[in-house]
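Notes to accompany the following structure.
Since this is a predicted model, take the numbers as computed values, not measurements.
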Amino acid sequence: MDASEIRTAVAHLDAQRDVEPFVNLRDPARRLGPDGRLAVSRRAPIWADVPDEKWNDWRWQLSNRVNSLEELERVLNLTDDEREGLSAPDKFRVDVTPYFASLIDPDDPDDPIRLQVIPKGEELRAFTGMMEDSLAEDRHSPVPGLVHRYPDRVLMLVTTQCASYCRYCTRSRIVGDASQNFNRKEHEAQLDYIRRTPQIRDVLISGGDGLTLAPKLLETVMRGLREIPHVEIVRIGSRVPVFMPQRVDDELCEMLQKYHPVWMNLHFNHPNEITPEVARAVDKLTRAGIPVGNQTVLLAGVNDCVHIQRDLVQRLVENRIRPYYIYQCDLVEGAGHFRTPVGKGIEIMEGLRGHTSGYAVPMYIVDAPGGGGKIPVMPNYLISYSDHKVILRNYEGYITTYEEPTTYTPHDSASCRYCRSPRPEAGQEGITALLDGKRMWIEPAGFLETHARGNEEAHRLQDPSKWVPYGVGAIEGKAGEPLRALEAGTPAAEPAREYGPGEEPRPPEGMPTGSSHGELL
Ligand SMILES: *Cc1c(COP(=O)(O)O)cnc(C)c1O
Ligand code: SF4
């Protein structure tokens, strides 16, 4: 074929193809509203007349935040408990962007977004184990605002300001307080420490929230970090895209991508926070080459439910956000009524692993009270567990205890819409069947008869209904019919037994082993 023949053939194929451009309706960043234009979230009536250019301008969102009882009263039907919280003189700062406040159902006192940002009288109550600086960050600060806890990375607090304030904030001792803010002078001292400390290869910008800084000031910090040769990656931990997705504009993305490799971790706690505006903001970040992760805080009344958490992580992955951590709520002032037992986090992890994509499964972390750093709740870190204390060890061997809450109101499944309509799992009995005692079998039953391959088969055949695709019928035999006997295959010749029952076959005395690691282990 010569070139002209190929062109003719291609033109012929093109003519046969559907000429309509393909529209991906599944992409959350391209989702359309009922009017056929890009979908938008609800706006509370008091902001109905704000022109779109203002509403979509992050500076307008920041300067029109609501914080007083009188203003909030115009947006929500406040409860007595909220009035008490809002009237308390020494409370942690309140501020909510109009965009985020509009996501709240004004008539639902248990709205999961409302609980995160509107104070209640309850938050003033002290509890056992409560600390002001529960992670002992101040003790690990070589210069103001820089926390050097791990060998190769630092936390750099560049501001104490946030776009809105979370009632359970772990850093409420400084966050929101303009008189304790960090600025150019502190940034320079922080950069100087990083310059002089070559083992630092990872810098995590946080606060407060670095994305509330004036764009020029944020860029000065980014450039300062990139001029340090040993800084490999820069990460930004931010809740701005959740409170104010308008901030993620082209200017920000163009600036950030100059300083790659840059990673970003966001902070979503509930599926209601994942709006069309957020989907478009995250789409922009990922197109700028920034891998986006998420950290969630486990909060009573907000997300202490396996079904809510499963929906959350699946919505995140749908938006190309990788769930990174679920944190146990810290022992910090103001957070008492949000605390859950550690068992709740274990139950949630049980309901995720295997039940959904591995990409959607975060790691469950207790940040060590007293400052040992993040500890995964996993067997080799979890030392012991009683009805009021969890004993854990960190990567260095440091041992810490997490005091469990004495008052925890269990999640009310009867009134939870996520529990009432869970996504079905064919042939299975729900996402925590193991914990509910409904599912448990011990393998290898019959292992010796079928040898190694039989074990896999046995798992598949124990419950053929599990593999029946909707409306198709059984793949292997029929549900309810007795299982086909497993074929043993040709059993491998029994090796001469040089080992006792329960022992691994070992090479004869004096012979080398397969690997030196095997020897060690
Ligand atoms: C969370 C945190 C980090 C980062 O920890 P990773 O587990 O690497 O995400 C670093 N320093 C401090 C002080 C932190 O709190
Ligand atoms: S965004 Fe982060 S730092 Fe700011 S109030 Fe919320 S938890 Fe605290």
Side-chain angles (χ1 to χ4, degrees), residues 24-29 31 112 242 264-276 278-279 282-283 286 291-300 302-328 340-366 374 376-379 382 411 413 416-441 456 459-460 462-472 475:
N24 177 359
L25 295 173
R26 198 68 191 77
D27 181 352
R31 203 157 284 167
V242 182
M264 200 177 282
N265 241 354
L266 308 183
H267 172 173
F268 292 94
N269 291 326
H270 192 278
N272 287 5
E273 295 160 4
I274 306 176
T275 63
V278 160
V282 172
D283 185 60
T286 53
V292 179
N294 181 63
Q295 328 198 109
T296 292
V297 182
L298 179 50
L299 299 167
V302 174
N303 58 18
D304 53 340
C305 161
V306 285
H307 296 110
I308 293 177
Q309 291 277 356
R310 186 173 63 172
D311 194 60
L312 173 64
V313 294
Q314 289 175 345
R315 297 291 72 77
L316 290 170
V317 169
E318 187 182 33
N319 282 279
R320 285 175 279 146
I321 306 169
R322 169 74 157 101
Y324 183 56
Y325 289 152
I326 295 187
Y327 287 111
Q328 180 67 11
T340 68
V342 168
K344 179 52 77 175
I346 293 174
E347 181 194 340
I348 287 167
M349 296 307 292
E350 183 70 52
L352 296 179
R353 170 59 66 194
H355 298 273
T356 191
S357 321
Y359 273 135
V361 183
M363 190 171 272
Y364 175 37
I365 300 281
V366 173
K374 301 174 180 73
V377 182
M378 295 191 331
L382 181 62
H411 176 67
S413 299
C416 171
R417 114 183 130 76
Y418 293 83
C419 289
R420 276 183 281 124
S421 55
R423 186 179 163 276
E425 295 196 353
Q428 302 207 343
E429 285 162 275
I431 63 181
T432 56
L434 180 65
L435 289 178
D436 297 340
K438 289 189 205 141
R439 267 246 174 219
M440 171 96 92
W441 67 70
E456 224 173 78
H459 172 236
R460 192 153 61 89
Q462 280 229 1
D463 184 359
S465 68
K466 180 172 161 186
W467 299 102
V468 178
Y470 292 112
V472 173
I475 293 173

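In this structure, Glu273 and Val278 have side chains that are not in contact, with every pair of non-hydrogen atoms separated by 4.5 Å or more. Between Pro422 and His307, some side-chain heavy-atom pair lies under the 4.5 Å cut-off. In this structure, the side chains of Cys416 and His411 come closer than 4.5 Å at one or more pairs of heavy atoms. Counting only heavy atoms from C-beta outward, the side chains of Val361 and Pro323 never approach each other to under 4.5 Å. Looking at Val377 and Val366, their side chains come closer than 4.5 Å, going by heavy atoms from C-beta outward. Inter-residue side-chain proximity for Leu352 and Pro362 is flagged as met; some heavy-atom pair is nearer than 4.5 Å.
A donor-acceptor pair is defined here as one N or O able to donate and one able to accept, closer than 3.5 Å; no such pair exists between the side chain of Gln309 and the backbone of Asp304. In terms of modelled atom types and a separation under 3.5 Å, the side chain of Ser357 and the main chain of Ala360 share no donor-acceptor contact. A donor-acceptor pair under 3.5 Å links the side-chain atoms of Thr286 to the main chain of Val282, judged by distance alone. The backbone N or O of Tyr359 lies less than 3.5 Å from a partner atom in the side chain of Arg322, making a donor-acceptor pair. Under a 3.5 Å cut-off, the side chain of Tyr364 and the backbone N or O of Val342 do form a donor-acceptor pair.
The nearest pair of heavy atoms linking Pro112 to Asn272 is CG-ND2, 3.7 Å. In terms of heavy atoms, Arg420 sits closest to Ser413 at CG-O, 4.2 Å. Of all the heavy atoms in Cys305 and Ile348, the pair that sits closest is N-CD1, 4.1 Å. In terms of heavy-atom proximity, Gln328 sits nearest to Pro341 at NE2-C, 4.0 Å. When all heavy atoms are compared, the tightest approach of Leu312 to Ile274 is CD1-CD1, 4.0 Å.
Residues meeting the side chain to side chain donor-acceptor pair (under 3.5 Å) test with Asn319, sequence neighbours left out: none. Evaluation of the salt bridge (Lys or Arg N to Asp or Glu O under 4.0 Å) rule for Glu350 yields no partner, not counting sequence neighbours. Looking at residues two or more places apart in sequence or on another chain, you find a side chain to side chain donor-acceptor pair (under 3.5 Å) between Glu347 and Lys344. With sequence neighbours excluded, the residues forming a side chain to side chain donor-acceptor pair (under 3.5 Å) with Arg310 are Glu425, listed by chain and number. Arg417 pairs by the salt bridge (Lys or Arg N to Asp or Glu O under 4.0 Å) definition with nothing, not counting sequence neighbours.
To the nearest 0.5 Å, atoms CG (Leu435) and CD1 (Ile346) are separated by 9.0 Å.
Comment: Arg315 engages Asp311 in a salt bridge, judged by a side-chain N to carboxylate O separation of less than 4.0 angstrom.
Within 6.0 Å of atom CE in Met363, 12 or fewer heavy atoms from other residues, nucleotides or ligands are found, so the atom counts as exposed in its surroundings.
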Give the C-alpha distance, both sets of side-chain angles, the deciding distance and a yes or no for side chain to side chain contact (heavy atoms under 4.5 Å, CB included) between Leu266 and Met264. CA-CA 7 Å; Leu266 308 183; Met264 200 177 282; 3.8 Å; yes

Side-chain atoms of residues 292-299: list all donor-acceptor pairs with protein atoms under 3.5 Å, sequence neighbours left out, distances to 0.1 Å.
{"unit_1": "Asn294", "atom_1": "OD1", "unit_2": "His267", "atom_2": "N", "d": "3.4"}
{"unit_1": "Asn294", "atom_1": "OD1", "unit_2": "Phe268", "atom_2": "N", "d": "2.6"}
{"unit_1": "Asn294", "atom_1": "ND2", "unit_2": "Phe268", "atom_2": "O", "d": "3.4"}
{"unit_1": "Asn294", "atom_1": "ND2", "unit_2": "Thr296", "atom_2": "OG1", "d": "3.0"}
{"unit_1": "Gln295", "atom_1": "OE1", "unit_2": "Asn265", "atom_2": "ND2", "d": "3.3"}
{"unit_1": "Gln295", "atom_1": "OE1", "unit_2": "Tyr327", "atom_2": "OH", "d": "3.2"}
{"unit_1": "Thr296", "atom_1": "OG1", "unit_2": "Phe268", "atom_2": "O", "d": "2.7"}

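Proximity of the aromatic rings of His270 and Tyr418 is defined here by a centroid distance below 6.0 angstrom, and this criterion is met.
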